[in-house]
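Following: one structure in structure tokens, then a few remarks.
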Amino acid sequence: MPELPEVETIRSQLAPRLTGRALVSVEILDPRLTRPIDLFEVAEELEGDTIAAVERRGKYLVLRMESGLALLVHLRMTGSFGFEPTSHERAVLGLDDGTRLAYRDVRRFGTWLVLENTEVEPYLAGKNGPEPLGPRFTTDWLVARLSGRRAPVKAVLLDQRVAAGVGNIYADEALWRARVNPLMPAESLDPDEVRRLRRAVRAALRTGIERQGSTLSDYRTPEGSRGGMQEEFKVYGRDGLPCRHCGTTIAKTRVGGRGTWYCPRCQPHGAG
DNA sequence: AAGATCGCCTGCAGGC
DNA sequence: TGCCTGCAGGCGATCT
């Protein structure tokens with residue numbers, strides 16, 4: 001599932017191919033993509049406009065148009081972009097250099113939203129907290145966000161207003177790196193654990209970006225290649241396998257309805 | 001009011 | 001072989 005590293009990889013591969021290109025055709029094939037806005041209305045708004053920049057905010061991909069409009073794409077679970085025709089295409093962009101860019105989304109959770117320039121920042125700021133790789137994601141910030149929260153620390157970490165772009169995979173990977181049990185009440189972490197967690201989130205995301213994301217089944221980069229991060233997984237999806245640090249069998253549980261993997265020895269419940 | 005649960009979607013794995 | 005069930009999970013809506 002596309003999280004920050006996957007979306008950043010997509011952004012970095014799309015940017016050189018899209019920047020400065022005009023959209024000569026915009027075909028939206030699934031009304032769910034732009035719901036509740038009519039798909040023809042969205043297509044008409046974009047058609048003829050030129051892409052000024054391709055940016056990312058949290059898990060959002062942001063196509064800034066020269067007109068001042070912006071297209072906000074959220075890939076949710078299975079959204080992806082590609083230059084080769086494929087199955088499950090939900091939208092197709094035609095560029096003025098002849099490029100055909102398809103948006104693929106098997107499970108149809110992804111969304112496309114067109115906003116005016118002035119609406120973009122307030123919208124994104126309402127959904128997203130600081131970029132975890134940016135200067136605002138400090139230990140003090142994380143301490144403040146975890147305090148008073150009795151929910152499992154993993155549930156809080158998945159809140160996009162706490163750390164924009166962290167999803168299920170990188171949350172588990174970060175908690176393992178920080179040696180923090182995902183079920184610990186967020187408010188129970190001591191300052192050193194929070195400091196480790198901040199570092200671990202950043203390290204896990206950086207590794208994910210370096211490896212161009214993780215490919216489990218659907219995710220591909222726009223150039224069509226698989227990510228390599230799945231080879232780096234320390235805990236995600238590894239129940240029954242030995243912990244890469246201590247050899248203890250990785251356990252699986254559920255937190256907030258999501259599959260959650262951890263090492264019972266490296267990430268004990270109760271003490272850090 | 002924070003926290004838990006549900007619904008949206010589709011493909012695939014596993015059981016019989 | 002083919003049907004059925006469960007599972008994957010981001011996020012908004014809904015309930016407690």
### Heavy-atom donor-acceptor pair, A/Gln230 side chain to A/Thr215 backbone, under 3.5 Å
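Yes: the side chain of A/Gln230 pairs with the backbone of A/Thr215.
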### Query
Can you check whether A/Ala203's main-chain N or O pairs, donor with acceptor, with A/Thr207's side chain at less than 3.5 Å?
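Yes, A/Thr207 side chain to A/Ala203 backbone: donor-acceptor pair under 3.5 Å.
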Please report, to 0.1 Å, the donor-acceptor pairs under 3.5 Å made by any side chain of residues 145-167 of chain A, with sequence neighbours excluded.
unit_1   : atom_1 : unit_2   : atom_2 : d
A/Ser147 : OG     : A/Ala144 : O      : 3.1
A/Lys154 : NZ     : A/Asn168 : OD1    : 2.6
A/Lys154 : NZ     : A/Asp172 : OD1    : 2.8
A/Lys154 : NZ     : A/Gly259 : O      : 3.2
A/Lys154 : NZ     : A/Thr260 : OG1    : 2.8
A/Asp159 : OD1    : A/Arg161 : N      : 2.9
A/Asp159 : OD1    : A/Arg161 : NE     : 3.1
A/Asp159 : OD2    : A/Arg161 : NH2    : 3.1
A/Gln160 : OE1    : A/Gly165 : N      : 2.8
A/Gln160 : NE2    : A/Leu158 : O      : 3.0
A/Gln160 : NE2    : A/Val166 : O      : 2.9

I need the [atom1]-[atom2] distance between [X] and [N], as an integer number of Å.
| X | N | atom1 | atom2 | answer |
| --- | --- | --- | --- | --- |
| A/Lys59 | C/dC11 | NZ | C1' | 9 Å |
| A/Arg161 | C/dG10 | CZ | P | 15 Å |
| A/Leu113 | C/dG10 | CG | P | 20 Å |

### Task
Mind checking the CD1-OG1 spacing from A/Ile10 to A/Thr221? Nearest 0.5 Å is all I need.
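Between atom CD1 of A/Ile10 and atom OG1 of A/Thr221 there are 8.0 Å.
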Enumerate the protein-to-nucleotides 12-14 of chain C contacts in which both atoms are nitrogen or oxygen and the separation is below 3.5 Å.
unit_1 : atom_1 : unit_2   : atom_2 : d
C/dG12 : OP1    : A/Lys127 : NZ     : 3.0

Would you mind checking if [Y] and [X] are paired as a salt bridge, meaning a charged N to carboxylate O distance below 4.0 Å?
| X | Y | answer |
| --- | --- | --- |
| A/Glu6 | A/Lys59 | no |
| A/Asp105 | A/Arg90 | no |
| A/Arg226 | A/Glu231 | no |
| A/Glu173 | A/Lys234 | no |

#### Entry: C/dG10 OP1/OP2 closer than 4.0 Å to side-chain N/O of A/His74
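Answer is no, no contact under 4.0 Å.
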### Query
Just to confirm, is there a sub-4.0 Å distance from OP1 or OP2 of C/dG10 to any side-chain nitrogen or oxygen of A/Gln160?
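Checking A/Gln160 against C/dG10: no side-chain N or O falls below 4.0 Å of OP1 or OP2.
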### Query
If you walk 5' to 3' along DNA chain B, what is the first nucleotide with an atom under 4.0 Å of a heavy atom in chain A, and what is the last?
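On DNA chain B, the outermost contacted nucleotides are B/dG3 to B/dG11.
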### Message
Looking only at side-chain N and O atoms, does A/Asp140 offer a donor or acceptor that is under 3.5 Å from a partner on A/Thr138?
### Response
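Note: A/Thr138 and A/Asp140 side chains miss the donor-acceptor criterion.
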### Query
Side chains of A/Tyr123 and A/Glu116: donor-acceptor distance under 3.5 Å anywhere?
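No, no side-chain donor-acceptor contact under 3.5 Å.
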### Task
Just do the side chain to side chain donor-acceptor pair (under 3.5 Å) check on A/Ser87 and A/Arg104 with the steps written out, would you?
CA-CA 7 Å; A/Ser87 64; A/Arg104 177 178 198 254; 3.0 Å; yes
What's [X] touching, base or sugar-phosphate or nothing? Going by heavy atoms closer than 4.0 Å.
| X | answer |
| --- | --- |
| A/Arg108 | sugar-phosphate |
| A/Gly256 | nothing |
| A/Lys252 | sugar-phosphate |
| A/Met77 | base |

### Query
Should the pair A/Arg202 and A/Phe137 be classed as cation-pi, given the thresholds of under 6.0 Å to the six-membered ring centre and 45° from the axis?
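Not satisfied by the 6.0 Å and 45° rule.
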### Query
Near DNA chain B, which residues from residues 136-151 of chain A have a heavy atom under 4.0 Å away?
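Residues of residues 136-151 of chain A under 4.0 Å from DNA chain B: A/Arg149, A/Arg150, A/Ala151.
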### Task
Output the residues of residues 30-42 of chain A in contact with DNA chain B, where contact means a heavy atom of the residue under 4.0 Å from an atom of the strand; sort by number or write none.
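Per residue number, the list reads A/Arg32, A/Arg35.
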### Query
Under the ring-ring contact (aromatic ring centres under 6.0 Å, His included) criterion, do A/Tyr103 and A/Trp112 qualify, and how do the steps go?
CA-CA 10 Å; A/Tyr103 171 75; A/Trp112 281 23; 5.6 Å; yes
### Task
Go through the structure and list residues passing salt bridge (charged side-chain N to carboxylate O under 4.0 Å, His left out) with A/Arg199, not counting sequence neighbours.
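For A/Arg199, no residue satisfies salt bridge (charged side-chain N to carboxylate O under 4.0 Å, His left out) once neighbours in sequence are set aside.
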